[in-house]
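Along the sequence shown, the residues carry numbers beginning at 1. As a basis for the values below, the full set of heavy atoms in this structure was taken, side chains included, without hydrogen atoms, waters or symmetry mates.
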Amino acid sequence: MHSINQYQEFVSDYLNSQSKNKEPKNLYEPIHYILALGGKRMRPVLTLMSAEVFDADYNKALPAALAVEVFHNFSLIHDDIMDDAPLRRGKITVHEKWNVNTGILSGDAMLILAYQYFEQYQPKIFRKLAKLFSKTALEVCEGQQYDVDFETREDVTISEYIKMIKNKTAVLVAAAMKMGAIVAETSKENADLIYDFGLNLGLAFQLQDDYLDVFGDPETFGKQVGGDIIENKKTYLYLKAIEFASEEEKEQLQHLFSIHPEDNEEKINLVKGIFNSTGASFATQKAIEKYTMKAFKTLKLMEISKEKKAILKSFGKDLMSRKV
């Protein structure tokens, strides 16, 4: 097994080896641009890690890992268009650097390119990868639609929110891990268990993201703290605060999430105060722990060595305690 940093290097090296100057330039340049922005590359790393967990050479999993990374970045281009976002990873978004039409078309091309990476596998493995990928891609679209729908709803439930983040974020993490298992040609039981492991870790990861957005350290978090509050996003923290709040706190919170003041600092501090006083921040931390523990339970059932179970558990613990 390799370290996370090594897996990240393997993905970057493979990505660079695949980069070719193709025409038309305005279709392919935006693709190279977004992929070069980097990020943690967590999903392709998980594909490589999963393959090695089940005793396959990570090299065999590189095409599947890159398919995951290309798909993820395709979804980011389209998300940024829908959100009218000016920045992605601190750089200008594709639709701002080029234009919306270019962003749509280059994103579409990325989805097709992602599928093409599976063509490097034998028919039996190709079929399993493509079937899982199609299911996951559709679920991600469903999650995005739920997210859009929730913006105009005041009656979103906790279970609906969990379903949304499961589809929008967790299923791709789960699929990334299962792809490594498929490439390694492990048992169906092991492949299903690593999927469940990834799904629960993905849920914990997104809830941790919600939490860090409000309570993270600006120096380490890497983006503006309080962004979800500024955008009036009804995250798990907000929904739990509404559930636990007194009538007075509930009215104040709903009012704060209906305004866009010029100075957001006071709004952020007031909301943070309500999240703490209602117990929503503690409840969110407990939910992160719950989904992480659910992931760890699946490890006990997996037919892999104790050492590899320990590596996966350590990875999950690092995610749960991350600051970025």
Side-chain angles (χ1 to χ4, degrees), residues 11-12 15-16 18-44 66-117 133-153 156 164-165 167-173 175-176 206 209-210 213 221-224 226-235 257-260 262 264:
V11 172
S12 292
L15 175 61
N16 291 336
Q18 300 295 301
S19 295
K20 295 168 187 163
N21 293 323
K22 293 165 76 175
E23 296 290 338
K25 194 169 69 172
N26 283 335
L27 178 68
Y28 290 105
E29 268 193 1
I31 296 172
H32 296 318
Y33 173 78
I34 184 117
L35 288 170
L37 293 184
K40 294 182 285 292
R41 304 206 195 278
M42 182 181 82
R43 293 153 191 84
L66 203 52
V68 171
E69 180 70 352
V70 170
F71 173 81
H72 175 58
N73 281 275
F74 138 74
S75 72
L76 297 182
I77 290 180
H78 282 195
D79 281 2
D80 287 341
I81 291 169
M82 293 176 77
D83 295 341
D84 198 21
L87 298 174
R88 165 67 60 185
R89 295 170 186 148
K91 303 287 185 181
I92 302 169
T93 46
V94 167
H95 71 278
E96 287 285 340
K97 188 172 173 66
W98 282 270
N99 54 61
V100 169
N101 286 348
T102 298
I104 292 170
L105 193 58
S106 292
D108 291 345
M110 288 177 82
L111 179 58
I112 297 159
L113 287 168
Y115 272 99
Q116 285 189 334
Y117 282 106
F133 194 67
S134 295
K135 172 180 171 286
T136 305
L138 194 56
E139 286 171 331
V140 171
C141 291
E142 289 167 358
Q144 176 68 4
Q145 187 60 55
Y146 284 132
D147 197 18
V148 171
D149 291 347
F150 290 174
E151 288 175 13
T152 55
R153 281 182 52 192
V156 178
M164 184 272 285
I165 63 170
N167 282 20
K168 191 173 177 185
T169 301
V171 294
L172 190 56
V173 175
Q206 185 55 53
D209 219 46
D210 289 356
D213 188 272
F221 187 45
K223 54 186 177 182
Q224 181 181 25
D228 287 345
I229 294 171
I230 293 167
E231 293 171 32
N232 296 329
K233 282 198 171 181
K234 302 179 188 83
T235 63
F257 271 68
S258 70
I259 59 172
H260 292 278
E262 281 186 24
N264 285 298

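- The shortest non-hydrogen separation linking T136 to A175 is OG1-CB, 3.4 Å.
- F133 CZ to L138 CG: the interatomic distance, rounded to the nearest 0.5 Å, is 12.0 Å.
- A pairwise comparison of heavy atoms in P44 and V11 identifies CB-CG2, 3.8 Å as the closest pair.
- What you find for V94 and P30 is that their closest heavy atoms are CG1-CB, 3.8 Å.
- The two residues D228 and F257 make their nearest non-hydrogen contact at O-CE2, 4.4 Å.
- Among all heavy-atom pairs drawn from E69 and N73, the shortest one is O-ND2, 2.8 Å.
- Proximity of Y117 to Q18: side-chain heavy atoms (C-beta onward) are separated by under 4.5 Å at one or more points.
- Contact detail for Y33 and I92: the closest heavy-atom pair is OH-O, 2.6 Å.
- Using a 4.5 Å heavy-atom threshold, the side chains of D213 and T235 count as separate.
- Residue pairs meeting the side chain to side chain donor-acceptor pair (under 3.5 Å) criterion with at least one partner in residues 96-111, sequence neighbours excluded, are N99-T102.
- If you check the side chains of N21 and H32, you find no donor sitting under 3.5 Å from an acceptor.
- The number of heavy atoms from other shown groups lying within 6.0 Å of NZ (K91) does not exceed 12.
- The OG atom of S134 sits 11.0 Å away from the CD atom of E139 when rounded to the nearest 0.5 Å.
- For the side-chain hydrogen bond (donor to acceptor under 3.5 Å, both in side chains) test, residues two or more places apart in sequence or in another chain that qualify with D149 are Q145.
- Between K233 atom NZ and E151 atom CD the span is 7.0 Å, to the nearest 0.5 Å.
- Counting only heavy atoms from C-beta outward, the side chains of M82 and Q144 approach each other to under 4.5 Å.
- With hydrogens and angles disregarded, no donor-acceptor distance shorter than 3.5 Å links the side chain of D147 to the backbone of G143.
- Between atom CD of residue E29 and atom NZ of residue K22 there is a gap of 14.0 Å, rounded to the nearest 0.5 Å.
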side-chain contact (heavy atoms from CB on, under 4.5 Å) assessment of D83 paired with E231: CA-CA 11 Å; D83 295 341; E231 293 171 32; over 6 Å; no
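- Using a 4.5 Å cut-off on side-chain heavy atoms (C-beta onward), R41 and L15 make contact.
- Looking only at distances, no side-chain donor or acceptor of D80 sits under 3.5 Å from a matching main-chain atom of A85.
- In this structure, I77 CD1 and L35 CG are separated by 7.5 Å, a value rounded to the nearest 0.5 Å.
- Every residue two or more places apart in sequence or in another chain that forms a ring pair (Phe, Tyr, Trp, His ring centres under 6.0 Å) with H78 is listed here: F74.
- Residues I104 and I81 have side chains in contact (heavy-atom distance under 4.5 Å, counting atoms from C-beta outward).
- To the nearest 0.5 angstrom, E23 atom CD is 10.0 Å from L27 atom CG.
- Side-chain contact between Q206 and V173: absent, with no pair of heavy atoms (C-beta onward) separated by less than 4.5 Å.
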